[in-house]
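Remember, it's a predicted structure, so these values are computed and weren't measured experimentally. The basis for the numbers below is simple: all heavy atoms, side chains too, and nothing from hydrogens, waters or symmetry mates.
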Amino acid sequence: HHPGSAMAKTLNRWCPIQDDVEAYMKETLAKRIMVIDGAMGTVIQQYKLQEEDFRATASFAGDDKWNDDRFKDHEKDLKGNNDLLSLTRPDVINEIHQRYFAAGADFCETNTFSGTTVAQADYALEHLVYEINYKSAKLAKMAAMQVEKDTGIRKFVAGAIGPTNRTLSISPKVENAAFRNITFKELVTAYKEQTHALVEGGCDLIFVETIFDTLNAKAALFALDEYYEEYGIKTSQMPVVISGTIVDMSGRTLSGQTTEAFWVSVRHAQPICVGLNCALGPDQMRPFMTRLSNCATCFTHAYPNAGLPNAMGGYDLSPADMAPKLRQWAMDGLVNMVGGCCGTTPDHIKAIADAVKDVKPSRTIPEHPNHMRLSGLEDLTLTPDSVFQNIGERCNVAGSIRFKKLIVANDWGKAAEIAQKQVEDGAQLLDINFDDGMLDGEDCMRKFCNLIATEPEIAKIPMVVDSSKFHICVAGLECLQGKCIVNSISLKVGEAEFKSQAKLIKRYGAAVIVMAFDEEGQAADCEAKVRICQRAYKMLVEEVNFNPVDIVFDLNILTICTGLEEHNNYGVDFIKATKIIKDTCPGAKISGGLSNLSFSFRGLEVIREAMHSVFLYHAIKNGMDMAIVNAGNLPIYDDIEPELREMCEAAVLNTSGEATEKLLERAEQEKERIAAIKAGGGDGGAKKAAAEWRSAPVKERLIHALLKGIDEFIEADTEEARNDKDAYPA
């Protein structure tokens, strides 16, 4: 951010921005537990307001025109639209803030939980969003200033950004899982409007809260990042607090993420504090708070409900019930800030503030090493010791005829089954690509990502959104709540465009695959691969401030055994470059699309898979981290028939002039074998092997079936074992 630069737009704020909010919070949180206010709605109920209160004219603090009579004939019922009371009953809202501050709250949240055009549409009041947020922030700030004057203790106003009444990860139509009633861009616009009004109205920090759907939160964080840059605001002046909601004892958000996956998905926003609020009482929330506290590398907070709702929809935990629980959390080092959500009042906050007053903060912020962390519904951490990651390749219209046919035929359900099969076959990530002249790539990407987002068996793993067109990758990012990888960007578009794409990917909170490609073209030999990747790495890390562990280089796996001598070294070039780049670009990962290597042998899967396995064996030794593969189809290096393995070694490592010749001869034999099977000769060898394992003792058959993932005979074999009292005495 460049505050004060000619680029920055000017804020029209009635009170100055405080430059030291983050510094003050860090200093204070080292000494004591800070306190957040309680529920707004619960306390509003104490005032027994009626429909006319929501339509009232109001003057406040010397402003006779605070609100005129514009609502007197409004066609919709307005009771229940609590944010509107900032216009019609400013006295009540200001008094509630004063009561919370006086009770000991350090932070009061603005009365803007539904302060977006999206949520106000229910009341046909979208046009008032700026005014509602501006005046809500102003009322809270006036209360803060008043109490600060009376007590000499600093008080802060948190601009409250709620989840809206729509979700980006869940379909409102049971019969159409890919349907959404709002888009990411629409939400970004709505959140940005809300932010602008909150900031001009006087807030000191921002709370993105009650996050049921992480994708909604990512839209809010995207909006904040964009807004701060436009207006030259630094997070040190106006920090961001993120508050998620775990909806039940499964420990997941409404959109299905675990606590850890939620953190991985939002940590790119570098919040000063992350925590949980709403949905649960302290007893139910504690295990999830523990998990968040263990993984979040920033301060943590909790503002639970006053227990679970009773039969009447009320909340039963009294101030005396609730305060000792939160004191215990503070003492156990789970939280740095505490407060209350539904069912809590200024009495609760006073009891909580008193209970934590003398607690010395004991939470140590975990120092996790800087590793690549990705997420779907669950989190995935890639450490230097991690196993090789298979990125499933079959959801790619360019690589799978079957997948493309299903998409062209509009059979999305069957297409999703292909995705699920890859996860079952061991893909740790999934590549999705719709680059085809016959398809609207952007529309397909949206539809497919929205569809699989609702399938937990697929959505649990992180996605790789893949397109040669950048806007199609973006379409994928806008439909996926987890932390994804973009595949891919490269320097072929020139430095300026490359940096702007990388910056945008960072704003979406994703990792990136960079192709070894520059303005001159594709890197084929080792020297060019290394030169281009080192240049891109330096630019991403030093100029875009991209986390090096979130950079993956695709070094172009090119086709060998084409008959052209200059292609024979492509495998060696990749394997050698892998080692040099891993040594000189700390943190970066290496990937590639495996099927290109053996393209000369298409149709001959036995040979192709052996080549792939041999190539990976050597590339992984040199540090290759992941590849786009047909998960489940890779033979283990040691299982490849020795003669074929030696041929593949010679070809991949380019150790003999005859390597290509020998493999081509082998290919001819393979073609004859396939032709014989098709002609009805049957595959003698394979049948013999199959028959052999079926005639082994039952224990060996079970072991074989488990290792090879064959479920065809499992019931009969298990039953046979169960009845074999000698082998398995009861």
Report task. Consider only side-chain N and O atoms of Arg180 and Ser171, and report whether a donor and an acceptor are under 3.5 Å apart. Result -> no
Query raised in the report: Side chains of Arg154 and Gln18: donor-acceptor distance under 3.5 Å anywhere?
Result: yes
Report summary line: Residues pairing under side chain to side chain donor-acceptor pair (under 3.5 Å) where one sits in residues 106-118, two or more places apart or in two chains, turn out to be Arg32-Asp106, Ser86-Asn111, Glu109-Tyr303, Thr110-Thr112
**Report entry** Stepwise side-chain hydrogen bond (donor to acceptor under 3.5 Å, both in side chains) test for Glu542 and Tyr537
**Finding:** CA-CA 8 Å; Glu542 291 174 13; Tyr537 179 87; over 6 Å; no
Requested in this report: Could you check Lys9, Lys503, Lys192 and say which one makes a salt bridge (charged side-chain N to carboxylate O under 4.0 Å, His left out) with Glu226?
Outcome: Lys192
Query raised in the report: Looking at the rings of Phe156 and Tyr24, which for Trp means the six-membered one, are their centres under 6.0 Å apart?
Result: yes
Report task. On the 0 to 90° scale, with breaks at 30° and 60°, tag the Phe448-Phe434 ring pair as parallel, tilted or perpendicular. Result -> perpendicular
Query raised in the report: Can you check side-chain hydrogen bond (donor to acceptor under 3.5 Å, both in side chains) on Ser169 and Asp213, steps first, answer last?
Result: CA-CA 7 Å; Ser169 297; Asp213 180 344; 2.8 Å; yes
**Report entry** Flag for Thr383-Asp385: side-chain donor and acceptor within less than 3.5 Å
**Finding:** no
Requested in this report: Tell me whether the centres of the aromatic rings in Phe222 and Phe184 are closer together than 6.0 Å.
Outcome: yes
Query - Lys/Arg cation over aromatic Phe546: Lys506, 6.0 Å, 45° cone - result: no
Query raised in the report: Strictly by modelled atom types, are Asp554 and Ser488 linked by a side-chain donor-acceptor pair under 3.5 Å?
Result: no
